[in-house]
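Structure, as structure tokens:
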Amino acid sequence: CQPSENLRQFKPTLCAELRERNAGEFEGHPYGSVDAAARAAGEPPRSFHPRWGESWEDVRGRADKFLQQLVQEHLPPPPQGSLG
């Protein structure tokens with residue numbers, strides 16, 4: 001299988017919106033440490049902001065921003081008169 005010419009010319013770029021979650025003070029700690037801290041603080045893990053870090057809702061916001069940009073740049077607009 002030979003890669004197409006398009007793939008050979010592809011040059012990936014870094015995208016800040018798709019970076020991993022910043023766990024803040026929990027960077028390097030075992031998986032689940034942030035959720036445990038959220039429960040200990042009486043907060044839902046999805047909205048818990050570790051000190052110097054970000055919540056899962058922040059991560060989702062970054063991903064949503066990226067996907068919206070991707071759609072605007074690469075999908076044609078819906079036809080006139082269509083529902084959407």
Side-chain angles (χ1 to χ4, degrees):
C1 180
Q2 294 291 326
S4 73
E5 195 58 36
N6 288 341
L7 287 178
R8 288 188 189 132
Q9 295 175 9
F10 178 72
K11 299 207 182 339
T13 58
L14 296 177
C15 178
E17 285 83 10
L18 297 180
R19 70 184 183 280
E20 69 182 347
R21 179 185 185 190
N22 178 349
E25 66 182 316
F26 296 99
E27 285 291 329
H29 289 229
Y31 184 80
S33 297
V34 176
D35 288 353
R39 285 191 293 279
E43 295 186 38
R46 289 218 129 335
S47 59
F48 179 71
H49 280 89
R51 188 171 37 184
W52 309 302
E54 60 186 335
S55 71
W56 282 115
E57 290 173 352
D58 295 333
V59 174
R60 188 180 97 198
R62 286 194 281 109
D64 285 348
K65 179 181 173 184
F66 172 81
L67 291 172
Q68 290 298 322
Q69 183 178 353
L70 195 66
V71 165
Q72 288 176 358
E73 290 177 8
H74 298 285
L75 290 181
Q80 286 285 22
S82 68
L83 298 177

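Just so we're clear, the structure is a prediction, and the values are computed from it rather than from any experiment.
- Q68 and Q72 form no side-chain donor-acceptor contact under 3.5 Å, judged by distance and modelled atom types alone.
- R21 and E54 make their closest contact through NE-O, 2.9 Å (heavy atoms, listed as atom of the first residue, atom of the second, distance).
- Of all heavy-atom pairs between P45 and A38, the closest is CA-CB, 3.7 Å.
- When all heavy atoms are compared, the tightest approach of R19 to A16 is NH1-O, 2.7 Å.
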* Asked: Given the rule in the salt bridge (charged side-chain N to carboxylate O under 4.0 Å, His left out) test, do K65 and E17 qualify, once you have shown the distances and angles that lead to the verdict?
  -> CA-CA 7 Å; K65 179 181 173 184; E17 285 83 10; 3.5 Å; yes

Identify every side-chain donor-acceptor pair in residues 27-34 under 3.5 Å, counting partners at least two apart or on other chains, and give the distances.
| residue | atom | partner | partner atom | Å |
| --- | --- | --- | --- | --- |
| E27 | OE2 | A23 | N | 2.6 |
| S33 | OG | P30 | O | 2.7 |

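- Considering only heavy atoms from C-beta on, F26 comes within 4.5 Å of P50 through its side chain.
- Take E25 and apply the salt bridge (charged side-chain N to carboxylate O under 4.0 Å, His left out) test, not counting sequence neighbours, and it matches R51.
- There is a path of hydrophobic side-chain contacts, each under 4.5 Å, that joins L70 to L18.
- Note: R46 CZ to D35 CG = 9.0 Å, rounded to the nearest 0.5 Å.
- Look at D58 and R62 and you find no salt bridge, because none of the NZ, NE, NH1 or NH2 atoms lies under 4.0 Å from a carboxylate O.
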